**Student:** 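Structure in structure tokens, see below.
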Amino acid sequence: MLRSGTSKASRRNVLKGVGMATVVGASLPPFGVALAQGTAPAAAPKGPKFLEMDGKAKLVVLGDKPLVAETPSAMLDDDVTPIDKFFVRNNGLVPDAPADAKAWKIKIDGEVEKPLEITLGDLMSRFPNVSYKMMLECGGNGRAFFTPEARGNPWTNGGAGCAEWTGVRLADVLKAAGVKSSAVYTGQYGADPHLSGDATKPSISRGVPIAKAMEPHTLISFKMNGKDLPLIHGGPVRLIVPGWTGSTSTKWLTRIWVRDKEHDGPGMGGFSYRMAKTPIVPGSKGDEKDTVILEAMPVRSVITFPADGAKLAAGTRKLDLRGHAWAGESDIKTVDISTDYGVSWKPAKVDPPPNKYAWQRFTASVDLPAAGYYEVWAKATDSKGVTQPFVAGNWNPQGYGGNPINHIRVLVES
Amino acid sequence: MKQLTITHVVVASLTAVVLLVALDRAGELRGPRPGYVPLAKIAPAVVDPDKGKPPPHNDTVADLPDGKGRDTVFYACAACHGVAIIKAQGLTRDLWDASLDLMVSRHHMVPMKPEERTEVLDYLVEQFPPRRKGRSSENPFLK
């Protein structure tokens with residue numbers, strides 16, 4: 001098979017490498033000085049590494065292989081997160097783009113009366129197409145807030161975004177296949193090859209209880225913000241299980257195996273996407289048998305304007321800020337803002353969501369009585385009265401559920 | 001008016017043929033001739049299967065900090081994943097130990113020999129211990 005793309009891409013990389021070497025060379029001291037001081041290895045670059053990829057903004061790269069990149073808070077300011085700013089989380093390799101997306105096949109089998117194998121083209125025309133603005137959030141979002149460090153990609157709050165997803169309801173497809181009363185859980189498979197390159201091993205295979213699979217916002221999605229779903233986001237077709245850990249929104253969807261018990265694919269056991277039942281000592285090994293699956297994501301708020309580290313002009317005494325807040329299965333009831341480390345709180349204005357599972361815009365205006373350094377804190381509370389903690393609590397070895405009060409740091413110049 | 005003879009026709013036709021061949025050889029009648037094209041290149045490329053993929057990524061041993069066991073760690077871990085995820089961790093020995101178990105049980109890592117595993121564990125514990133200091137340690141205004 002002709003893989004012209006590979007050679008093209010490698011050439012691009014080589015060029016990039018050359019460019020980088022030139023920059024490093026330029027910053028080296030003159031030849032004689034370098035010799036006199038010995039050949040110390042170049043120091044690792046400080047600060048985050050930014051994504052360089054066609055069609056994507058400069059996201060913060062958390063890992064190159066597999067590619068994992070998060071969206072800085074200030075880039076989460078749009079009401080609907082644009083595709084280029086949307087975070088990337090892969091567990092395996094990215095599969096080849098199909099020659100004909102509409103010929104992509106999805107199998108529904110297991111505890112169903114009539115197992116289906118349906119092409120994406122048929123799926124699109126046979127079932128009603130719906131669009132919703134919904135959250136997709138990595139299960140490990142907020143992991144970087146745990147002390148000590150928990151294992152995994154160190155997401156701050158940027159493993160989340162709210163896009164408009166178009167697709168067909170998974171419920172409609174499951175009903176067409178005739179879900180048996182013995183159905184308990186889904187087992188979902190995608191086309192992404194395992195990192196080792198072994199095609200016989202799924203990189204990840206998660207699932208959800210049948211009730212969530214039948215929820216009318218759970219979609220087999222093929223469009224993101226009105227465009228064909230990009231390959232890097234799971235195109236041509238993926239699941240969107242809104243409000244739940246992102247890994248249940250299987251990318252490059254090929255199969256839904258309806259199970260008569262909780263699914264046991266890779267990513268369902270151990271400490272993966274699980275919280276400790278009995279609180280454990282931070283930094284300890286824990287007991288993976290004493291865990292429970294993390295389903296809906298916790299309540300979270302993110303200040304998206306101004307950016308953390310913003311310098312405000314001398315004389316600024318009022319700050320108009322805004323952000324987004326969301327909570328897995330719930331709506332946001334209130335967002336409170338503090339500029340005095342939680343001594344006093346002021347309610348922000350919270351807009352209603354355009355539909356269930358969308359994030360909500362909050363805006364507030366706070367006084368900054370004098371020049372100097374301020375922290376602006378945001379704390380969201382959901383419709384069940386559940387709020388954000390001051391620090392990431394319930395430490396667990398893989399760092400799920402980290403949702404402390406969000407803060408930005410600003411400086412009013414004097 | 002002279003009569004058009006077969007001789008006239010033959011002479012005119014030959015002249016035209018010679019002229020056309022000359023112009024053709026001089027490249028006046030055709031566009032530039034393509035160079036040699038290998039067969040594979042003219043095979044119909046319907047779609048680029050790599051379109052939309054992230055750029056390829058390959059780490060080298062030098063991307064890990066120097067230390068005893070570095071090579072062993074690199075070849076044990078970077079066969080599957082990049083070194084960035086290793087360097088992002090800050091774990092106790094217990095958790096590094098559990099991480100190696102996880103790689104075998106969940107991510108299809110080939111189990112290491114005991115002495116190799118100890119070497120890998122020693123390196124990871126020495127290079128990437130817990131280092132998080134609390135939330136005020138990276139203030140953007142202290143640079």
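Below, chain A is the first sequence line, B the second, and so on; all start at residue 1. These values consider heavy atoms only, across backbone and side chains, with no hydrogens, waters or symmetry-generated copies. Keep in mind the model is a prediction, meaning the values are calculated, not measured.
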**Student:** Which heavy atom of B/His108 sits nearest a heavy atom of A/Pro202, and at what distance?
**Tutor:**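 In terms of heavy atoms, the two residues are closest at NE2-O, 4.3 Å.
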**Student:** With the side chain counted from C-beta on, respond yes when B/Gln89 and A/Glu149 share a heavy-atom pair under 4.5 Å apart, and no when they do not.
**Tutor:**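 Counting from C-beta outward, B/Gln89 and A/Glu149 never come under 4.5 Å.
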**Student:** What closest approach, in Å, do B/Gly52 and A/Met53 show between heavy atoms, and which atom pair accounts for it?
**Tutor:**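 Shortest heavy-atom separation between B/Gly52 and A/Met53 comes out as O-CE, 3.4 Å.
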**Student:** Heavy-atom cut-off 4.5 Å, strictly under: side chain, backbone, both or neither for B/Ala62 against chain A?
**Tutor:**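 For B/Ala62, neither part sits under 4.5 Å from chain A.
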**Student:** Give the intermediate values and the outcome of salt bridge (charged side-chain N to carboxylate O under 4.0 Å, His left out) for residues B/Asp59 and A/Lys65.
**Tutor:** CA-CA 9 Å; B/Asp59 289 319; A/Lys65 184 189 169 190; over 6 Å; no
**Student:** With only heavy atoms counted, which part of A/Leu93 is less than 4.5 Å from chain B, the side chain, the backbone, both or neither?
**Tutor:**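 Neither the backbone nor the side chain of A/Leu93 comes within 4.5 Å of chain B.
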**Student:** Less than 4.5 Å to any heavy atom of chain A: does that hold for the side chain of B/Leu91, its backbone, both, or neither?
**Tutor:**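 The side chain, not the backbone.
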**Student:** Find the one option among A/Gly197, A/Ala144, A/Pro397, A/Pro230 whose heavy-atom pairs under 4.5 Å with chain B are most numerous.
**Tutor:**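 Looking at each option in turn, the highest pair count goes to A/Ala144.
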**Student:** Could you tell me which portion of A/Pro266 (side chain, backbone, both or neither) has an atom closer than 4.5 angstrom to a non-hydrogen atom of chain B?
**Tutor:**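 When you check distances to chain B, atoms from both the backbone and side chain of A/Pro266 fall under 4.5 Å.
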**Student:** Which atoms of A/Ala310 come close to chain B, meaning under 4.5 Å heavy atom to heavy atom: side chain ones, backbone ones, both, or neither?
**Tutor:**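 For A/Ala310, backbone heavy atoms alone lie under 4.5 Å from chain B.
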**Student:** For the interface with chain B, which of A/Ser284, A/Pro148, A/Gly283 has the highest count of heavy-atom pairs at distances below 4.5 Å?
**Tutor:**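 Winner by heavy-atom pair count: A/Gly283.
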**Student:** Check the angle between the aromatic planes of B/His107 and A/His194 and answer parallel, tilted or perpendicular using the 30° and 60° thresholds.
**Tutor:**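 Answer is tilted, since the angle falls between 30° and 60°.
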**Student:** So which of A/Leu67, A/Ile232, A/Val94 actually passes side-chain contact (heavy atoms from CB on, under 4.5 Å) with B/Lys53?
**Tutor:**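 With B/Lys53 as partner, A/Leu67, A/Ile232, A/Val94 yield a single side-chain contact (heavy atoms from CB on, under 4.5 Å), made by A/Val94.
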**Student:** Can you tell which part of B/Ser99 gets under 4.5 Å to a heavy atom of chain A, answering side chain, backbone, both or neither?
**Tutor:**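 Its backbone and side chain both get close to chain A.
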**Student:** If you count heavy-atom pairs under 4.5 Å between each of B/Ile85, B/Asp97, B/Leu95 and chain A, which one has the most?
**Tutor:**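 Going by pairs under 4.5 Å, I would pick B/Leu95.
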**Student:** Which value, rounded to the nearest 0.5 Å, describes the distance between A/Met268 atom CE and B/Arg106 atom CZ?
**Tutor:**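 Between A/Met268 CE and B/Arg106 CZ, I get 11.0 Å after rounding to 0.5 Å.
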**Student:** Measure the spacing between CG of B/Asp101 and CD of A/Glu288 and express it to the nearest 0.5 Å.
**Tutor:**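 Reported to 0.5 Å precision, the distance equals 9.0 Å.
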**Student:** At a 4.5 Å cut-off on heavy atoms, which part of A/Pro404 comes close to chain B: side chain, backbone, both, or neither?
**Tutor:**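 Neither part.
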**Student:** For chain A, which candidate among B/Pro130, B/Ala98, B/Cys80, B/Ala84 shows the most heavy-atom pairs at distances under 4.5 Å?
**Tutor:**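 Winner by heavy-atom pair count: B/Cys80.
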**Student:** For A/Lys102, I'd like to know if atom NZ has over 12 heavy atoms of other residues, nucleotides or ligands within 6.0 Å.
**Tutor:**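 Count not over threshold, so no.
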**Student:** Does any backbone or side-chain atom of A/Lys311 lie under 4.5 Å from a heavy atom of chain B? Answer side chain, backbone, both or neither.
**Tutor:**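 Contact with chain B: side chain only.
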